[in-house]
Amino acid sequence: MDPLTLLREYTIRNELHNIIRVGDDYRFGNDYSFPCTIETAYRSKHVQANRYTLETLINFITNHHLKHTEYIQQSRSLRIPAVTLPDRKPLLDYLTGKTASSDSIEFVKFPQHNDAAVVPGLGGEDVRVLENENQKQNPIELIKAVEKPLKDREAILFCKNRDFYSVFTAALRRDEERQRAESLQRKDGLVAKSRIERGFGGGGDELGYDGGPKAKMHLKGSKIGEGVPIILVPSAFSTLITIYNVKEFLEDGVFIPTDVKLKQMKGSKPDCITVQKKFSRDRVVTAYEVRDKPSALKTEDWDRVVAVFVLGKEWQFKDWPFKDHVEIFNRIVGFFLRFEDDSVESAKTVKQWNVKIISISKNKRHQDRAAALEVWDKLEEFMRSRSH
């Protein structure tokens, strides 16, 4: 089955939540898997030479409720090509079953032969294949006989306007870029780790936060103390982000429920962990320390607190060294992570605070990366605006 028809069936059956992105592929339940960037049979009317990819169509159908400007911004944040405004309504009508076909759809047509057996083909068209006169083949074998792999190591060599040398050099170039990126990431990680262990200058306790000459960064109206900036997370399991899953969310852009992480964990609960922004083109990597016990912070540690994930409850800030939540969120950037289909009541209190509300899906894990980037963008904007 072709990906466009399959996506339409899942949309009509309201089973989009069963389409899961795994690496560079989309899995439709346990039955089908397609590359994210595979071109579908739906051709854009706005850009005649363009066929929409499966990734573009899935991102569109799961976000069609957004205004077009919001959808464009969301697509850009994920670096996914967007559906054009003229194509939106006819594409939505087709995928939701309001229309049975569209003149923008152009399914792959297989060559036909005389004296051939007829078997069902892609897009409802018939595919004819030669049948052995002496032995009838299995229908599945007949279909496979005329199938052309959409993607393998050799198929690309038969593409138009391509030759083996250009494909070979392009592959080498991509491999060199990948190795260079991995080398930079390892180097940045070692630098960050070294800086943390030395306490930005040496001496002090086991993590080097309290001794020796260290880097300082001052904020307008307050200051960030000496050492690594601190992000606070709730210790309660009722919140989405905890010290157990914050590293995967902020570093890898993947939300893993706390109960799942607990089953995977070996050893005792960590008192603190270090996170870095990995998915960035910047050469400079900033390390942050994550803690979930504000009561264990020393007076000088509070000067290093730059962000907090909130529960949405006032009692979370009990015994904090600030007058009220107004002062807290003037000095510290706040985040509230919620599921997008949670009730409005769950965020009623938070909406009264100066806090960034981040929404994620319960099932669409490929959207977690955009949510994590929202956190990083807000945090980095806060750091830049308050530093001098």
Side-chain angles (χ1 to χ4, degrees), residues 1-28 32-109 122-125 150-151 156 159-162 170 253 279 281 340-341 358-361 363-374 377:
M1 179 173 285
D2 70 287
L4 177 62
T5 302
L6 196 60
L7 178 59
R8 183 172 185 264
E9 290 186 2
Y10 271 64
T11 303
I12 294 172
R13 297 200 307 258
N14 196 28
E15 293 183 0
L16 289 174
H17 60 278
N18 289 327
I19 303 176
I20 306 297
R21 179 164 183 163
V22 180
D24 294 328
D25 296 319
Y26 277 113
R27 290 183 181 174
F28 288 72
Y32 298 93
S33 178
F34 298 97
C36 297
T37 55
I38 187 175
E39 291 186 344
T40 68
Y42 204 98
R43 188 182 296 278
S44 171
K45 289 185 178 181
H46 185 67
V47 184
Q48 290 298 326
N50 179 53
R51 289 175 180 267
Y52 287 124
T53 64
L54 180 59
E55 182 178 47
T56 291
L57 295 189
I58 290 179
N59 186 53
F60 166 71
I61 195 61
T62 54
N63 294 284
H64 68 84
H65 59 281
L66 297 177
K67 294 181 180 178
H68 191 66
T69 53
E70 296 175 348
Y71 163 66
I72 292 296
Q73 292 175 353
Q74 184 265 357
S75 298
R76 286 176 179 171
S77 69
L78 296 177
R79 297 180 181 176
I80 297 175
V83 172
T84 63
L85 182 58
D87 288 334
R88 280 187 64 127
K89 188 177 187 308
L91 175 57
L92 181 61
D93 288 347
Y94 174 74
L95 290 177
T96 56
K98 290 183 178 180
T99 56
S101 62
S102 170
D103 55 5
S104 296
I105 299 175
E106 187 178 314
F107 288 108
V108 177
K109 294 182 179 179
L122 300 181
E125 300 208 7
L150 293 172
K151 182 179 179 182
I156 193 172
C159 294
K160 293 181 179 179
N161 303 321
R162 292 279 187 135
F279 41 94
R281 295 183 178 181
E340 59 188 6
D341 55 352
I358 308 290
S359 297
I360 62 172
S361 169
N363 303 304
K364 303 164 188 172
R365 297 280 66 84
H366 63 279
Q367 296 181 5
D368 294 342
R369 185 183 179 92
L373 279 171
E374 279 193 78
D377 290 346

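Just so it is clear, the structure is predicted and the values come from calculations on it, not from any experiment. In what follows, every heavy atom counts, from backbone to side chain, and hydrogens, waters and symmetry copies are set aside.
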Notebook entry, point to check: If we only count heavy atoms from C-beta on, is the Pro90 to Thr99 side-chain gap below 4.5 Å?
Noted result: no
For [X], which residues count as a salt bridge (charged side-chain N to carboxylate O under 4.0 Å, His left out) partner, sequence neighbours excluded?
X: Arg88; answer: none
X: Lys98; answer: none
X: Asp341; answer: none

Set of residues satisfying side-chain hydrogen bond (donor to acceptor under 3.5 Å, both in side chains) with respect to [X], sequence neighbours excluded:
X: Tyr42; answer: none
X: Glu340; answer: none
X: Thr40; answer: none
X: Asp25; answer: none

Checklist line | Partners passing ring pair (Phe, Tyr, Trp, His ring centres under 6.0 Å) against Phe60 (at least two apart in sequence or in another chain) | finding: Tyr71
Check: Looking at residues at least two apart in the chain, or sitting in another chain, which of them share a ring pair (Phe, Tyr, Trp, His ring centres under 6.0 Å) with His366?
Finding: Tyr26
Notebook entry, point to check: How would you list all residue pairs meeting salt bridge (Lys or Arg N to Asp or Glu O under 4.0 Å) that involve residues 65-76, not counting sequence neighbours?
Noted result: none
Item checked: Pairs involving residues 6-23, ordered by first then second residue, that meet salt bridge (Lys or Arg N to Asp or Glu O under 4.0 Å) (sequence neighbours left out) -> Glu9-Arg13, Arg13-Glu15, Arg21-Glu55
Next item on the list: Indicate yes or no for a side-chain donor-acceptor contact from Thr56 to the backbone of Pro81 under 3.5 Å, with no hydrogens or angles considered.
Entry: yes
Notebook entry, point to check: If you take all heavy atoms of Gly23 and Cys36, which pair is closest and at what distance?
Noted result: O-SG, 4.3 Å
Checklist line | Taking every non-hydrogen atom, the tightest pair across Thr37 and Thr53 | finding: O-CG2, 3.6 Å
Note to self: Run Asn18 and Arg27 through side chain to side chain contact (heavy atoms under 4.5 Å, CB included) and show every step you take.
What the structure shows: CA-CA 8 Å; Asn18 289 327; Arg27 290 183 181 174; over 6 Å; no
